[in-house]
Structure formats: structure tokens, C-alpha cells
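Let me begin by presenting the structure, written as C-alpha cells, before commenting on it.
First listed ligand is number 1; within each ligand, the first listed atom is number 1. These numbers were taken from a predicted model, which means no experiment stands behind them. If you read the sequence from its start, that first residue is 1, and numbering goes on from there.
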Amino acid sequence: MKQYIVAGNWKMHKDVQEANLFVLNILKDLLNQKKIQIIICPSYTALFNIHELLKNTPIGLGGQNMHSQSKGAFTGEISGEMLMSAGCQYVILGHSERRHVFGEADDFIRDKVKQALAIGLKPIICVGEKLDERQSGQTLEVIRRQCDSALSVVTEHEIQHCVIAYEPVWAIGTGVVATPEQASEAHAMIRKLLATKYSKSTADSISILYGGSVKSSNAASLIQAPDIDGFLIGGASLLEDEFVKIAEIVDEYLKQKES
Ligand code: 13P
């Protein structure tokens with residue numbers, strides 16, 4: 001069964017104390033959203049404390065990146081095993097900031113996906129085109145290249161443990177959200193790629209999240225669009241009210257859908 005997911009990517013925000021306080025303040029509200037999987041991806045230094053707050057709850061914990069190797073002379077890096085020992089079940093891989101600010105190539109991201117799955121971490125694999133790529137009609141090509149590379153190491157069994165996030169670079173942190181139609185079109189492309197590579201039933205069981213300027217004011221229209229199975233949220237996930245409200249919107253949508 002496909003899960004609906006609301007995930008917060010805090011990026012480089014919130015120190016240990018701020019992170020604790022944030023989670024303590026909203027934990028009760030988040031636990032009321034029973035139909036969805038909520039995931040929090042804080043900074044590395046806050047992971048273990050948040051794990052302590054979230055353990056014995058269904059709320060997931062994720063890292064924002066990891067290295068493709070288990071250990072070694074990689075100053076400043078973190079391994080998937082380290083994330084797991086701090087309590088993570090998920091890891092964001094291939095985020096556009098990793099790709100475009102830190103120059104991570106498709107091959108490196110592919111190796112990370114392989115490593116995450118090998119050790120039992122669920123990768124949230126991010127794909128998405130830049131503005132010039134959209135404007136020159138290359139959206140599908142870019143998404144296909146990124147998906148093909150990242151999924152080249154993923155079996156049909158393993159894909160069940162992956163989440164895909166479509167995050168158009170032009171919508172990230174800009175306040176320019178994709179329209180439900182634009183997001184839906186890209187998600188449908190991704191679903192089709194998954195169906196071709198694996199099978200239709202497998203493709204239908206994978207959660208494809210939208211990310212890029214999601215707020216409580218646009219979440220309701222986006223979640224109703226076909227093929228959108230939740231959100232990967234940056235800025236709005238740092239605000240208690242906003243994050244809770246978006247989780248409530250998705251949970252409510254599912255309740256209505258099922259009734
Ligand atoms: P914003 O929600 O701030 O646009 O960021 C989206 C994002 O990059 C989530 O990974």
C-alpha cells in the first residue's frame with residue numbers, strides 16, 4: 001500500500017535546543033495525524049536527541065545526506081551507518097542543493113542510494129529540473145536521466161523501500177510553487193518510468209512526493225492532484241503551525257478519500 005508522506009527537510013537550520021523545543025511543541029499534534037507517515041530530517045547534531053523524543057512513535061527520522069562509503073578518510077562526511085546509529089530510518093539523497101551547490105554527480109548519488117539500501121536505510125531520492133531546463137523543454141529528459149542513474153542499482157524488491165521526491169529547482173525556496181498540473185505531470189512521468197523499469201503495480205505502490213515552496217496555503221490543491229503522494233517541505237517545515245497544518249491537510253484529505 002502506498003504511503004502518504006509529509007517530510008520536513010530542515011536543511012541547515014535549528015541547533016540542538018531549537019530542534020528539541022520544536023519537536024516537543026508539536027509532537028502531540030503530529031501524533032494525531034494517523035493516516036500519514038511523518039518524517040523529520042533535522043541537522044546531524046540534532047538527530048540523536050530527536051530520536052530520543054520520537055522513539056516509540058510512528059514518526060520517522062531522516063538524515064539529509066550521507067557518504068556512499070561506510071567509513072574512511074572523508075573529513076566532514078557522515079556514513080549511513082552513523083545515521084542509523086543516531087536513529088534514522090530514512091535519508092534524503094540527491095537533493096538539488098547537494099547536486100547544484102555542492103556539485104554531486106549522478107554517479108555519486110547512485111552509489112549512495114546503493115549503500116543506503118544495502119544497510120537498511122530508506123532513501124528519499126530527489127530529482128528535478130532547473131528553470132532553464134524547463135524553459136528549454138528538457139524537464140522529462142532531466143528527470144529521466146536522474147531517475148535512470150539513481151535507480152540503476154535498485155531492484156524491484158528494493159524500490160519498495162525508496163521514496164521519490166520531485167523537487168523542481170526553480171520552486172525550491174523561491175515562493176514560486178509548481179501548479180498542481182505541473183507537479184502532477186512530472187509525477188506521472190516518474191510513475192511511468194517506474195512502471196517501465198519495474199511493473200505497474202510496483203510503480204503504483206511507490207510514494208512520489210512534491211517539494212518546492214509547499215505551504216499550508218497551497219498544500220490542499222497540490223495533494224488533490226493525481227500522483228502526488230505527499231510533500232518534502234523546506235521552509236514551512238521550520239514553522240510549528242505550518243508543518244502541523246500541512247500534515248493535517250494531507251491526513252484530512254486521506255480521511256475524506258477513504259470515506
Ligand atoms: P522549500 O519548501 O523551502 O521550497 O524547500 C523545498 C526543499 O528543498 C525540500 O527538500
Indicate whether any N or O donor in one side chain lies under 3.5 Å from an N or O acceptor in the other, for Glu242 and Ser216. yes

Nearest option to atom 4 (O) of ligand 1, as decided by whichever heavy atom of Pro168, Gly211, Gly128, Gly173 sits closest: Gly173

For Leu232, the ligand 1 atoms with a heavy-atom partner under 4.0 Å come out as 9 (C), 10 (O)

For atom 3 (O) of ligand 1, closest protein heavy-atom neighbour: Gly235 N, 2.8 Å

Same cluster for Ile92 and Tyr4 if Ile/Leu/Val/Met/Phe/Trp/Tyr side chains link at under 4.5 Å? no

What about Thr174: any of its N or O atoms under 3.5 Å from an N or O on ligand 1? no

Is it true that Ala171 lies under 4.0 Å from ligand 1, counting heavy atoms only? yes

Examine the side chains of Ser199 and Thr202 and answer whether a donor and an acceptor come within less than 3.5 Å of each other. yes

Strictly by modelled atom types, are Ser96 and Glu167 linked by a side-chain donor-acceptor pair under 3.5 Å? no

At what distance is the nearest protein heavy atom to atom 5 (O) of ligand 1, and which residue and atom is it? Lys11 NZ, 3.3 Å

Provide the number and element of each atom of ligand 1 under 4.0 Å from a heavy atom of Gly212. 4 (O), 6 (C)

Looking at His95, which atoms of ligand 1 are within less than 4.0 Å of one of its heavy atoms? 7 (C), 8 (O), 9 (C), 10 (O)

Assess Ala236 for proximity to ligand 1: is some non-hydrogen atom of it under 4.0 Å away? no

Please determine, by modelled atom types, if Gln3 and Ser207 share a side-chain donor-acceptor pair under 3.5 angstrom. no

Can you name the residues that form a ring-ring contact (aromatic ring centres under 6.0 Å, His included) with Phe48, not counting sequence neighbours? His51

Heavy atoms only, cut-off 4.0 Å: how does Ile172 contact ligand 1, side chain, backbone, both, or neither? both

Cation-aromatic face contact Lys245/Phe243, 6.0 Å, 45 degrees: no

Any non-hydrogen atom of Lys215 lying under 4.0 Å from ligand 1? no

Quick one: nearest non-hydrogen protein atom to atom 2 (O) of ligand 1, plus distance? Gly234 N, 2.9 Å

Which residue and atom name correspond to the protein heavy atom nearest atom 9 (C) of ligand 1, and how close is it? Glu167 OE2, 2.9 Å

Ring centres under 6.0 Å, that's the criterion: do Phe108 and His67 meet it? yes

So the atoms of ligand 1 within less than 4.0 Å of a heavy atom of Asn9 turn out to be 9 (C), 10 (O)

According to the interplanar angle, ranging from 0 to 90°, do the rings of Trp10 and Phe22 count as parallel (below 30°), tilted (30 to 60°) or perpendicular (above 60°)? perpendicular

